[in-house]
Amino acid sequence: MKMTAVVCVLALLAGVTASRGGVAAEEATAMYYASLDGLGGPTGACGYGEIGITYNMGYVAAVSDPMWNNGLACGSCYQVTCNVSGVCNSEGVRVVVTDAGNGDGSNSTAFVLSQRALQGMAVPAMAFQLTQMGPVGISYHRVPCVYAGAGGSRKLAVKVTDQSRFPDYLSVVVLYQAGEYDLLQVKVLDRTANQWIGVPHSYGAVFALADPPTASPVTLLLEFKGEEGKEKGVFHLVHIPQHWTPGAEYDTRVSL
Ligand SMILES: *[C@@H]1O[C@H](CO)[C@@H](O)[C@H](O)[C@H]1NC(C)=O
Ligand SMILES: *[C@@H]1O[C@H](CO)[C@@H](O)[C@H](O)[C@H]1NC(C)=O
């Protein structure tokens, strides 16, 4: 019995980089994109728009194709730690995915970080050096994330995008996902036929429907991928007013 336990521990130590919380960390490389303010940008492929600049205080990232997964990656959060000794700190940074990007064109560059995020991985005096190094080795794992906001953390929200036209074109982007669940699909309740209609995935975290139901309120169902190994998804209903407004953000009370 004792023998078995010892063997298991050794096997773990020899395996993939261990990380806190027992989640296996993956290894890859990361690059960064320079910008004047070091924050995110307004044109990220997730469709967060202007909000994307200051999202998660500018600790944002673009991910390469395999992780991007046609936008499923939007809103997922990762703890990313670089591995250059003497340059990188041991905690790394917590980033949220807001964009798609292949860095140097190889899929091994998993992340293209904002400048602030890259520099957040450095020990205090080495932030500039880290930006001069080109692709750096990293390890990363999925984590939850919290969005600071006035009066507590921001909860999951649905924003009616500026591309929407009341009443005949409803386009929504899902904001402030808590990082650990993937948004699989969005449906809207047709109260007349009493059935759910799929809202087609437009791009990133944006879903859009022509001629949406007009009964009050407009009820959206967001389905997230459940925990690993569990078949069932996680569902959440969001009610937006019958007379929704392009550009308006509708908050929920949940963190998901
Ligand atoms: C990168 O990943 C994508 C999607 O998984 C794949 O189609 C592509 O061939 C990969 N590119 C390289 C250079 O490996
Ligand atoms: C850092 O990560 C890169 C990419 O995964 C790897 O090739 C390299 O060996 C790592 N360096 C150290 C010191 O662990």
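One-based numbering, in listed order, for ligands and for the atoms of each.
Residue N107 has at least one heavy-atom neighbour below 4.0 Å for each of these atoms of ligand 1: 1 (C), 2 (O), 3 (C), 8 (C), 10 (C), 11 (N), 12 (C), 14 (O). Each of the atoms 1 (C), 2 (O), 3 (C), 4 (C) of ligand 2 lies under 4.0 Å from some heavy atom of G137.
For atom 9 (O) of ligand 2, the nearest protein heavy atom is 4.0 Å or more away.
Using a 4.0 Å cutoff on heavy atoms, A28 counts as a contact of ligand 2.
Ranking the protein heavy atoms by distance from atom 4 (C) of ligand 1 puts D65 CB, 3.9 Å first. Among all non-hydrogen protein atoms, the one lying nearest atom 11 (N) of ligand 2 is N83 ND2, 2.9 Å. Ranking protein heavy atoms by distance to atom 13 (C) of ligand 1, first place goes to G105 O, 4.3 Å.
An N or O contact shorter than 3.5 Å is missing between E27 and ligand 2 by distance.
Between the side chain of D190 and the backbone N or O of W196, no donor-acceptor pair lies under 3.5 Å. Side chain of Y55 to main chain of Y176: a donor-acceptor pair is present (N/O by atom type, distance under 3.5 Å, no hydrogens or angles).
Neither the backbone nor the side chain of S85 comes within 4.0 Å of ligand 2, counting heavy atoms alone.
Looking only at side-chain heavy atoms (C-beta outward), L130 and Q119 stay at 4.5 Å or farther from each other. You'll find the side chain of W68 reaches within 4.5 Å of the side chain of C74, heavy atoms only.
Aromatic ring centroids of H236 and F224 lie 6.0 Å or more apart.
The number of heavy atoms from other shown groups lying within 6.0 Å of CE (M126) is above 12.
When the options R154, K155, K159 are evaluated for a salt bridge (charged side-chain N to carboxylate O under 4.0 Å, His left out) with D251, the one that passes is R154.
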